Protein chains: 2
Amino acid sequence: MIHSVDADIDSHRIAARISQAIHEHRLAPGTKLSEEEVAGTFDVSRTIVRAALQRLAHDRLVELKRNRGAYVAQPTVREAREVFEARALLEPRTARSAAERAGPADIALLRRHIDEEHAAMHDDDAGRALYLSGLFHIEIARIADQATIAAFISQLIARSSLIIALYWERRRALCESHSHHALLAAFEQKDGARAEELMTSHLVDLLASLDLRRPPAGARSLKEALALSTGRLR
Amino acid sequence: MIHSVDADIDSHRIAARISQAIHEHRLAPGTKLSEEEVAGTFDVSRTIVRAALQRLAHDRLVELKRNRGAYVAQPTVREAREVFEARALLEPRTARSAAERAGPADIALLRRHIDEEHAAMHDDDAGRALYLSGLFHIEIARIADQATIAAFISQLIARSSLIIALYWERRRALCESHSHHALLAAFEQKDGARAEELMTSHLVDLLASLDLRRPPAGARSLKEALALSTGRLR
DNA sequence: TGGGACAAGATTGTATCCAATTCTGTCGGT
DNA sequence: ACCGACAGAATTGGATACAATCTTGTCCCA
């Protein structure tokens, strides 16, 4: 599962931790990631942190502004559409082939993911639920045994997490577990065609649950966040 | 075209140069990229080079071996299949939407690419022809106006270049320009469906022109290269 | 002659240092 | 009171120095 990467061990670990924090919505889009602060948190030198931030920047999870530091990315509306466009090309066919290949162990694993997702939901830990929901998709790519595509999907799902943080319409119920259950059923029956359809509509639903009209909803800088939350200033 | 990246300017430039060299088959798979050597070549410090190599490693163009340096990647047979699998998911639909969106300027640009490709071919500069042939695909993704997908395709094409270096069967004529001409015709007629079909079969042809049975054809290390080229060792 | 141990050299990994740029707060002018 | 200029502080960018690891060559012994 964890294929030991021969590249920078620590920077990999730090990038993974930050990535997970973003995924769980514990780091909001726009948050500044000061090199020294991160270095202090993980007790390494800035050199390592810089490598980690570069890696995250390459995955579009953070944006590096020259001489100004690293910030958790804030996908634009356009980027949001592009991410879901890419997912629409990759995930349905991948789900199909995963459904056709899935063995009992794979299905058990997926079921465990869904259960954990439920548990997190019940604990009102929406962040963790979102993270697990992402893992579900990544797991499917892994089952399809396509590491290259899985890497792409991982990146897209991480970015989706940011998009959800910015654009999710609270009004609409997201209710991912329903779609995931349906997908699991298709997997159990090795019904690739149905898995492909379900994944397609799942992605459509997800996109539909976003409000991609004008405004990037979330707090992007502390200043702006306060300005917005307190109504007009003064 | 060149949207000024706010991240490391020099490291971006160096990564691009190395990437192009790989693309043009001027750097063979397995070649070691010594930090100091690269640093000397571009007259910068190792710091910059390390950033560039990390970037290339993220794109799977080089492999970073801990404490042992950076080497031009040598995709396995499995990776080769995966890359073309991913291309098969992304490129046809992208070609379709590009064909439907392409304006006269886009078509002129594509035609210029094909012409340059011909010229390179005529000059017997197979490396440059291959590079331009890759640019043709990337240009299509750009026309489709999907930056995210375009980035994925760019990476896949770069890796394809390595795959071709390792697995291309010289016997079979590659004759990319023929396929590219046909695609261009579909673009001129704004025939998205046809463009999608043509791209699919183009990719199938490309994959078919490779010899993905056992052996990774190219020279991977100097030692092994000599061992192979001189027959049995003394 | 072949193989293993050891030492010197070379290369990468990380930390630290200094320069360059940006940010912040203050001052002075209008 | 508002705006711009300027100085100091803080932060990032890049180079260098040192430590850790690997490679290479030699020597000794079986």
Side-chain angles (χ1 to χ4, degrees), chain A residues 4-18 27 30-58 61-73 219-227 232-234, chain B residues 4-18 27 30-58 61-73 219-227 232-234:
Chain A
S4 84
V5 184
D6 42 19
D8 328 22
I9 296 299
D10 276 348
S11 101
H12 187 279
R13 193 183 103 248
I14 292 173
R17 291 283 296 275
I18 293 177
L27 274 175
T31 305
K32 171 155 188 178
L33 300 174
S34 154
E35 293 184 355
E36 197 150 8
E37 186 186 342
V38 177
T41 303
F42 291 97
D43 197 43
V44 293
S45 89
R46 280 175 48 214
T47 307
I48 310 288
V49 174
R50 287 181 63 81
L53 292 177
Q54 272 188 330
R55 181 183 307 229
L56 292 167
H58 198 180
L61 282 180
V62 314
E63 190 179 355
L64 294 176
K65 305 188 182 182
R66 178 155 187 100
N67 285 320
R68 300 190 51 195
Y71 297 80
V72 178
R220 60 225 103 270
S221 86
L222 196 51
K223 244 181 312 181
E224 288 181 27
L226 292 176
R232 68 178 62 77
L233 295 178
R234 245 335 301 273
Chain B
S4 84
V5 184
D6 43 20
D8 329 20
I9 297 297
D10 276 348
S11 99
H12 186 282
R13 193 183 102 247
I14 292 174
R17 291 283 296 273
I18 294 178
L27 275 175
T31 305
K32 170 156 191 180
L33 299 174
S34 155
E35 293 185 354
E36 198 151 7
E37 184 185 343
V38 177
T41 303
F42 292 98
D43 197 42
V44 293
S45 89
R46 280 176 47 214
T47 307
I48 309 288
V49 174
R50 285 182 67 80
L53 291 177
Q54 271 187 329
R55 181 182 308 230
L56 292 167
H58 196 275
L61 281 180
V62 314
E63 191 179 354
L64 260 41
K65 306 189 181 181
R66 178 155 185 102
N67 285 319
R68 299 191 52 195
Y71 297 80
V72 178
R220 60 226 105 270
S221 85
L222 197 50
K223 244 181 312 181
E224 288 181 29
L226 291 177
R232 68 178 61 77
L233 296 176
R234 225 339 294 286

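Proteins come first, then strands; the chains are lettered A, B, ... in the order of their sequence lines, and each starts at number 1. Since this is a predicted model, take the numbers as computed values, not measurements.
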Collect all protein-nucleotide pairs involving nucleotides 15-21 of chain D in which both atoms are nitrogen or oxygen and the distance is under 3.5 Å.
{"unit_1": "D:dA15", "atom_1": "OP2", "unit_2": "B:S45", "atom_2": "OG", "d": "2.7"}
{"unit_1": "D:dA15", "atom_1": "N7", "unit_2": "B:T47", "atom_2": "OG1", "d": "2.8"}
{"unit_1": "D:dT21", "atom_1": "O3'", "unit_2": "B:N67", "atom_2": "ND2", "d": "3.3"}

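- The structure places CD1 of A:I48 at 12.0 Å from CD of A:E35, a figure rounded to the nearest 0.5 Å.
- Nearest heavy-atom pair across A:A52 and A:S11 is CB-O, 3.5 Å.
- The CZ-C1' distance, from A:F42 to C:dA15, rounds to 19 Å in whole Å.
- Distance check, rounded to the nearest 0.5 Å: NE2 of B:H58 to CD of B:Q54 gives 10.0 Å.
- At least one side-chain heavy atom of A:I18 sits less than 4.5 Å from a side-chain heavy atom of A:V38.
- Heavy-atom distances under 4.0 Å link DNA chain D to A:K32, A:S34, A:E35 of residues 32-40 of chain A, given in residue order.
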Atom pairs under 3.5 Å: protein N/O with N/O of nucleotides 8-10 of chain D:
none

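- In this structure, the CD atom of A:E63 is 15 Å from the P atom of D:dT12, given to the nearest Å.
- Taking 4.5 Å as the limit, every side-chain heavy atom of A:K32 sits out of range of all side-chain heavy atoms of A:R68.
- Atom pair A:R50:CZ and D:dT12:C1' shows a separation of 7 Å (rounding to whole Å applied).
- Spacing between atom CZ of A:R68 and atom C1' of C:dT21 amounts to 11 Å, rounded to whole angstrom units.
- Closest approach of B:L64 to B:L53, counting heavy atoms only: CD1-O, 4.1 Å.
- Remark: B:F42 CZ to B:R13 CZ distance equals 6.5 Å, nearest 0.5 Å.
- Rounded to the nearest 0.5 angstrom, A:L56 CG and A:L33 CG are separated by 8.0 Å.
- Computed from coordinates, the B:L64 CG to C:dG13 C1' distance equals 11 Å when rounded to whole Å.
- Residue B:R13 contributes atom CZ, which lies 12 Å from atom P of D:dG14 at whole-angstrom precision.
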